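Please read the structure below before turning to the comments.
From a predicted model like this one, the values you see are computed outputs, not experimental measurements. Counting from 1, the numbers follow the sequence of the chain as shown. Whatever order the structure lists them in is the order used to number ligands and atoms, beginning at 1.
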Amino acid sequence: MTELTDPADPGGRKAELAANLAQVEERISAACAAAGRKRDDVTLIVVTKTYPASDVRLLHELGVRQVAENRDQDAAPKAAECADLTDLRWHFVGQLQTNKVRSVVTYSDLVQSVDRDRLVTALSAAAVKAEREVGCLIQVALDAESGARGDRGGVAPDGIEQLARLVADAPGLRLDGLMTVAPLAGEYAGRERAAFERLMDLSTDLRRAHPAANMVSAGMSADLEEAVAAGATHVRVGTAVLGVRPRLG
Ligand SMILES: *Cc1c(COP(=O)(O)O)cnc(C)c1O
């Protein structure tokens with residue numbers, strides 16, 4: 001038997017990523033069609049955490065323009081290695097300690113995990129110092145409502161308004177919308193669609209005071225269909241594009 005290998009892609013990694021991307025694209029398109037939404041209304045963000053900069057580069061060659069990372073220690077060197085890809089946007093989606101903020105604002109266009117006052121203050125100071133404007137999503141912990149809150153960060157729904165006002169008034173920051181991760185426990189456990197619909201309602205409330213904050217980031221590899229059905233504008237997909245991560249990330 002002969003193996004067909006592309007000399008320009010010896011490990012076949014680019015072909016593998018291309019096939020996975022095509023499958024994810026098909027899922028998003030089908031979900032948009034089922035929901036009566038335009039495909040353009042949903043943006044795919046590829047979560048590249050735990051995967052090397054070489055994969056980011058291949059994804060860029062395949063047309064990906066938005067990637068996400070969740071740990072500054074991994075993301076900062078990766079972003080530096082890819083600094084020549086000037087049209088690539090980096091999202092930060094992990095729990096963020098204030099001592100990492102100065103680094104994160106140097107490469108992140110958007111921080112999706114804004115969940116407390118102190119983080120806003122630190123992000124604002126760092127963004128001003130770096131002469132950057134950083135987009136912010138308020139991360140919502142939907143399980144905080146039932147007291148079953150996990151350890152993945154996020155502010156309870158009743159804290160969104162106050163935090164949003166703080167971001168909107170902070171120099172160097174731009175309030176872009178809301179983000180959530182489907183809860184594993186509490187009243188929304190196993191009810192991703194209901195969780196994402198609740199996030200959409202919270203987004204409607206937010207947009208009354210902040211009309212431009214219209215991003216809704218929800219849905220991952222396992223539940224992107226539910227997120228698109230509920231109205232998400234951005235889905236964050238890792239495993240389905242890059243493969244099962246070698247370690248928890
Ligand atoms: C890892 C991660 C994702 C992607 O998850 P997959 O299940 O691999 O698609 C999305 N959002 C956040 C916040 C993540 O940490």
task: Check whether any side-chain heavy atom of Val237 sits under 4.5 Å from a side-chain heavy atom of Ser221, and report yes or no.
output: yes

Whether His234 and His91 hold their rings parallel, tilted or perpendicular, with breakpoints at 30° and 60°: tilted

task: Measure from atom 9 (O) of ligand 1 to every heavy atom in Ser221, Ser113, Gly94, Gly243 and give the option owning the shortest one.
output: Ser221

- request: Taking the side chain as every heavy atom from C-beta outward, state whether Val46 and Gln66 have any pair of such atoms under 4.5 Å apart.
  value: no

message: Pairs of nitrogen or oxygen atoms closer than 3.5 Å, one from Met220 and one from ligand 1: do any exist?
response: no

query: Using a heavy-atom cut-off of under 4.0 Å, does the side chain or the backbone of Gln112 touch ligand 1, or both, or neither?
result: neither

query: Looking at Val237, which atoms of ligand 1 are within less than 4.0 Å of one of its heavy atoms?
result: 9 (O)

query: Are any of the N or O atoms of Asn70 closer than 3.5 Å to those of ligand 1?
result: no

field: Atoms of ligand 1, numbered as shown, that sit under 4.0 Å from any heavy atom of Thr239
entry: 6 (P), 7 (O), 8 (O), 9 (O)

field: Hydrophobic cluster partners of Phe196 (side-chain heavy atoms under 4.5 Å)
entry: none

For residues 158-172, tabulate all N or O donor-acceptor pairs below 3.5 Å that involve a side-chain atom, not counting sequence neighbours.
from: Gln162; atom 1: NE2; to: Asp117; atom 2: OD2; distance (Å): 3.4

message: Between Arg132 and Thr106, do the side chains contain a donor N or O and an acceptor N or O under 3.5 Å apart?
response: no

message: Is the contact between Val47 and ligand 1 made by the side chain, the backbone, both, or neither, using heavy atoms and a 4.0 Å cut-off?
response: side chain

